[in-house]
Amino acid sequence: LIKREGVDIVFALDISRSMLVEDVAPSRLLKSIQILSKTIDELVSDRLGLIVYAGQAYPLMPLSFDYSMAKLLIKTIDTDLISSQGTDISSAILLADSFFDDEERSKMLFIISDGEDHEGNYKIEVDGLSQNDIVICSINVGTDAGGPIPIKSGNNVIYKKNKEGDVVISKANSKTLKSIASSTNGRFIKTKETNEAIDFIFNNVKGLDKTLQEEEVYSDYEDQFQWFLVFALFFILIDLILTQKKINFMREIIKK
């Protein structure tokens with residue numbers, strides 16, 4: 001048994017197509033994945049859960065101490081994971097609520113998004129989280145100037161256009177993300193810097209009460225040397241046979 005003192009953290013990552021905008025290098029989505037990856041590298045004793053959302057929310061990993069699996073899973077994230085486009089943040093909040101299965105542990109939900117096109121029907125879900133003592137902090141990735149939304153077309157890249165044929169400019173929107181965070185006594189940050197976002201995450205986690213939890217860890221050893229042992233025994237046997245033949249040969253010479 002390993003005893004860990006920590007909290008429960010769920011990350012909900014926006015993977016709508018507006019997250020492909022490159023106003024934050026290399027793009028809003030890749031910057032968000034980088035933030036997630038480097039945050040996981042620094043986790044020690046907190047349970048981690050992952051959600052991705054666009055027009056609906058999708059559970060990527062339930063709460064777990066398996067940071068290696070989390071690192072593998074975030075490498076699979078792209079905007080094609082969810083076919084339903086849009087940005088239904090309420091479904092992400094509702095799904096996150098179902099992740100938290102221990103009433104005694106401190107709970108925090110981090111939403112990472114550009115904030116664009118967030119649907120306004122999230123208040124009921126946020127009120128539910130408040131009653132369950134779940135704190136929401138939000139990270140707004142993107143710029144006010146924004147940029148066009150790239151769409152792959154074969155080997156070419158085109159940009160999303162509106163009905164009039166004009167290129168759509170996606171701008172980061174802080175309003176909804178600020179509102180959600182303040183409703184649960186959480187905090188908000190708008191940034192395009194990885195380290196600033198990571199500091200924001202851990203500064204908020206530090207303020208939570210830590211709970212001690214026991215985790216069973218099993219060691220499964222896999223034998224790797226069977227074939228080497230077989231070869232070694234084979235050559236030892238050959239050596240014994242040859243040695244015996246040499247001894248018999250020397251005895252025959254001595255007799256003569």
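Numbering starts at 1 and runs along the sequence shown.
- Between the side chain of S138 and the backbone N or O of I111 there is no donor-acceptor pair closer than 3.5 Å.
- Contact between P148 and V167 at its shortest, heavy atoms only, is CB-CG1, 3.7 Å.
- The pair R47-D8 meets the salt-bridge criterion, since a charged nitrogen lies less than 4.0 angstrom from a carboxylate oxygen.
- With sequence neighbours excluded, the residues forming a side chain to side chain donor-acceptor pair (under 3.5 Å) with S174 are N140, listed by chain and number.
- The minimum heavy-atom distance between L95 and A57, with the atom names listed, is CD2-CB, 3.9 Å.
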Name every donor-acceptor pair, under 3.5 Å, that has one atom in a side chain of residues 68-79 and the other anywhere in the protein, sequence neighbours excluded.
residue : atom : partner : partner atom : Å
K71     : NZ   : S37     : OG           : 2.7
K71     : NZ   : D41     : OD1          : 2.9
K71     : NZ   : D41     : OD2          : 3.4
T76     : OG1  : L73     : O            : 2.5
D78     : OD1  : D80     : N            : 2.8
D78     : OD1  : L81     : N            : 3.3

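- Screening residues 175-186 for salt bridge (Lys or Arg N to Asp or Glu O under 4.0 Å), with sequence neighbours left out, gives no hits.
- For T194, the side-chain contact (heavy atoms from CB on, under 4.5 Å) partners at least two apart in sequence or on another chain are K31, Q34, I35, K38, I198.
- Pairs of residues two or more places apart, or lying in two chains, that qualify as ring pair (Phe, Tyr, Trp, His ring centres under 6.0 Å) and include a residue from residues 88-111 are F11-F110.
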Q) Between F188 and I180, is a side chain to side chain contact (heavy atoms under 4.5 Å, CB included) present by the stated rule, with each step listed? A) CA-CA 9 Å; F188 165 87; I180 291 173; over 6 Å; no

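- Two residues are said to be in side-chain contact when any heavy atoms from C-beta on lie closer than 4.5 Å; Y53 and I89 meet this criterion.
- T191 is linked by a side chain to side chain donor-acceptor pair (under 3.5 Å) to E196, counting only residues two or more places apart in sequence or in another chain.
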Q: Given side chain to side chain contact (heavy atoms under 4.5 Å, CB included), test D114 with S170 step by step and report yes or no.
A: CA-CA 9 Å; D114 58 13; S170 169; 4.3 Å; yes

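- Closest approach of S45 to Y67, counting heavy atoms only: N-OH, 3.5 Å.
- Of the inter-residue distances, the one linking I112 atom CD1 with L177 atom CG reads 11.0 Å to the nearest 0.5 angstrom.
- Between D133 and K107 there is no salt bridge, since none of the side-chain N atoms of the basic residue sits less than 4.0 Å from a carboxylate O of the acidic one.
- Every residue meeting the side chain to side chain donor-acceptor pair (under 3.5 Å) condition with S16, not counting sequence neighbours, appears here in chain and number order: D14, S18.
- Put simply, the side chain of T143 does not reach to within 4.5 Å of the side chain of V21, judged on heavy atoms.
- Counting heavy atoms from C-beta outward, V126 and T184 have side chains that approach closer than 4.5 Å.
- Applying the side chain to side chain donor-acceptor pair (under 3.5 Å) definition to pairs two or more places apart or across chains, none involves residues 154-167.
- In the hydrophobic clustering of ILVMFWY residues, with side-chain heavy atoms under 4.5 Å counting as a link, L36 and F202 come out together.
- Counting non-hydrogen atoms of neighbouring residues, nucleotides and ligands closer than 6.0 angstrom, the OH atom of Y58 reaches no more than 12 such neighbours.
- In this structure, CZ on R187 lies 11.0 Å from CD1 on I139, to the nearest 0.5 angstrom.
- In terms of heavy-atom proximity, E116 sits nearest to K171 at OE2-N, 3.5 Å.
- Under the rule for a salt bridge (Lys or Arg N to Asp or Glu O under 4.0 Å), D199 has no partner lying at least two apart in sequence or in another chain.
- Every side chain to side chain donor-acceptor pair (under 3.5 Å) that D97 has, sequence neighbours left out, goes to N132.
- For the pair L13/L50, no side-chain contact is recorded, criterion being any heavy-atom separation below 4.5 Å from C-beta on.
- Going from atom CD1 of I136 over to atom CE of M108 covers 10.0 Å, rounded to the nearest 0.5 Å.
- Closest approach of A96 to V10, counting heavy atoms only: CB-CG1, 4.2 Å.
- Side-chain atoms of R105 come within 3.5 Å of backbone atoms of V7 as a donor-acceptor pair (strictly under, hydrogens ignored).
- Residues passing the side-chain contact (heavy atoms from CB on, under 4.5 Å) test with S179, sequence neighbours excluded: Y122, S183.
- Contact record, D46 with G6: OD1-CA, 3.2 Å, taken as the closest heavy-atom pair.
- Note on L29: it does not cluster hydrophobically with I169, by side-chain heavy-atom contacts below 4.5 Å among ILVMFWY residues.
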(Q) L43 vs I9, test: side chain to side chain contact (heavy atoms under 4.5 Å, CB included). Steps then yes/no. (A) CA-CA 10 Å; L43 290 175; I9 306 169; 4.2 Å; yes

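- Rounded to the nearest 0.5 angstrom, S113 OG and R28 CZ are separated by 9.0 Å.
- By the side-chain contact (heavy atoms from CB on, under 4.5 Å) test, Q56 is found to be paired with I82, S84, residues two or more places apart in sequence or in another chain being considered.
- Rounding to the nearest 0.5 Å gives a distance of 9.0 Å between CG of N203 and CD1 of I189.
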